[in-house]
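When a ligand or atom number is given, it counts from 1 through the structure's own listing order. Everything numeric here is computed off the predicted structure, so don't read it as measured data.
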Amino acid sequence: MLCFQCFHAGLLLLSEPSFGLLFDIDGVLVRGKTPIPAAKRAFQKLVDAKGQFVVPVVFVTNAGNCLRQKKADQLSHILGVPISQDQVMMSHSPLRMFKKYHDKHVLVSGQGPVLDIAKNVGFTNVVSIDMLRESFPLLDMVDHNRRPKLPSLPVVNLPRVEAVVLFGEPIRWETNLQLIIDVLLTNGNLSNAYETALSAHLPLLACNMDLMWMAEAHSPRFGHGTFMVCLENIYKKIIGKDLKYEALMGKPSELTYHFAEFLIREQAAERGWRAPIRSLYAIGDNLMTDIYGANLYNRYLDERMARKSTKAVANMVTGAGTPASVPQEVDMDNGWESELASPSATSCKSILVCTGVYNPHMDLPKDASQCIKETVFHGHRDFRFDPALVEPEKIAEDVDAAVELIFEMEKFVNTV
Ligand SMILES: *[C@@H]1O[C@H](CO)[C@@H](O)[C@H](O)[C@H]1NC(C)=O
Ligand SMILES: [Mg+2]
């Protein structure tokens, strides 16, 4: 609530926002390489005369094979307003919080500048699949043309791999599948034989679980989620146990939204806005990622509020204090969560736009969840299908209409 201050002071003060915006990119702002016209109009409404944002804005994409700065530059060009890299969140961005792995010897899998990306999020000791392949030339045998021509011995001066990070789909799936399985089953030392009796495998962190994505072709294309299905099933088939992830990031994971909320809070603090950011709005075109993820995080925030008020009541009953003096919750005390401190947001509302994957004019049943319920579930193995989570809070024609709708809901006016 914004104009409370204006009334109070009796004059028009510069308004401070109490909400922040999370934008998906593909299908909302661009379609492939083509900008969606509504995007430019929407962003004119979000900046002042100097091109500064009047509300905190973060771009949340599951894309991952480039650096944040490159994405920020593309967005600045497309939207006609300056975007900083601190406003861009890629599927791998939350890795910055996993500090306990940053100095470990980590194997990374993906394509594009994976070593640079890994360094950029904080890893200091990284090995790529190609580097492993060169050190152990006898391992990658599927492609006959890539087998070693001469008898060769492994160069065994590599330190043991201590964790594996999956950034995105690689180019030669058979090579990555083979070497990742090798690393997991030798407990990080490829000179060893398989130890199939291991009680647990090395920590495994994965970014971007999208099974498929829409490119220029008529039918969807394999995404990183498809690669993960292969890896999970090969591991299970060989060992008889489930492959376990230390963390899954990228939409719809809760972790992604925790991190986005943190970026929103940081932006508000940097601008000197004192009003806490209470409401988040997540605008996207994909029910299974954007809407599911925002609703899942909203559910977390709801439960968190409920826990807080239960604690407050319990403390009152025991005479420990009034709600106002209840100490900050103590359940965020370890791991990555403590890196972020507690969220100020109390809700995260999902807004579906019709310029991307979701198309209301196609011959689909009206009820979105109905249409998904009757098909197979394309989400990740570790995410349950829940019809309530794919129900958007609002539907807007495009991103410009979505921004107008949010301004209305928040009674917000860009005064500049
Ligand atoms: C890997 O295992 C081999 C054979 O057991 C051993 O000689 C070597 O020291 C190990 N390397 C590391 C880095 O632990
Ligand atoms: Mg999208």
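Residues Leu301 and Pro343 form a side-chain contact, since some pair of their non-hydrogen atoms from C-beta on lies under 4.5 Å apart.
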Checklist entry - How far apart are the C-alpha atoms of Phe262 and Met97, what are their side-chain angles, what is the distance that settles it, and do they pass the side chain to side chain contact (heavy atoms under 4.5 Å, CB included) test? => result CA-CA 11 Å; Phe262 166 73; Met97 297 181 298; over 6 Å; no
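Residues meeting the side-chain contact (heavy atoms from CB on, under 4.5 Å) test with Thr355, sequence neighbours left out: Ile36, Val353, Asp398. With sequence neighbours left out, the ring-ring contact (aromatic ring centres under 6.0 Å, His included) criterion links Phe407 to Phe412. The side-chain hydrogen bond (donor to acceptor under 3.5 Å, both in side chains) search around Asn125 returns none, not counting sequence neighbours.
The contact set between ligand 1 and Arg160, taken as ligand atoms under 4.0 Å from a residue heavy atom, comprises 13 (C).
Protein contacts to the Mg ion (ligand 2) involving N, O or S atoms at a distance below 2.8 Å are Asp24 OD2, Asp26 O, Asp285 OD1.
Residue Trp213 places its CH2 atom among 12 or fewer non-hydrogen atoms of other residues, nucleotides or ligands, all under 6.0 Å distant. Applying the 6.0 Å contact sphere to CE of Met305 captures no more than 12 heavy atoms from other residues, nucleotides or ligands.
Taking 4.0 Å as the cut-off, Leu158 counts as a neighbour of ligand 1 on heavy-atom distance.
When the options Asp130, Asp140, Asp143 are evaluated for a salt bridge (charged side-chain N to carboxylate O under 4.0 Å, His left out) with Arg172, the one that passes is Asp143.
When only interatomic distances are considered, the shortest N/O to N/O separation between Asn192 and ligand 1 falls below 3.5 Å. Taking only nitrogen or oxygen atoms, main chain and side chain alike, Ser191 does not reach within less than 3.5 Å of ligand 1.
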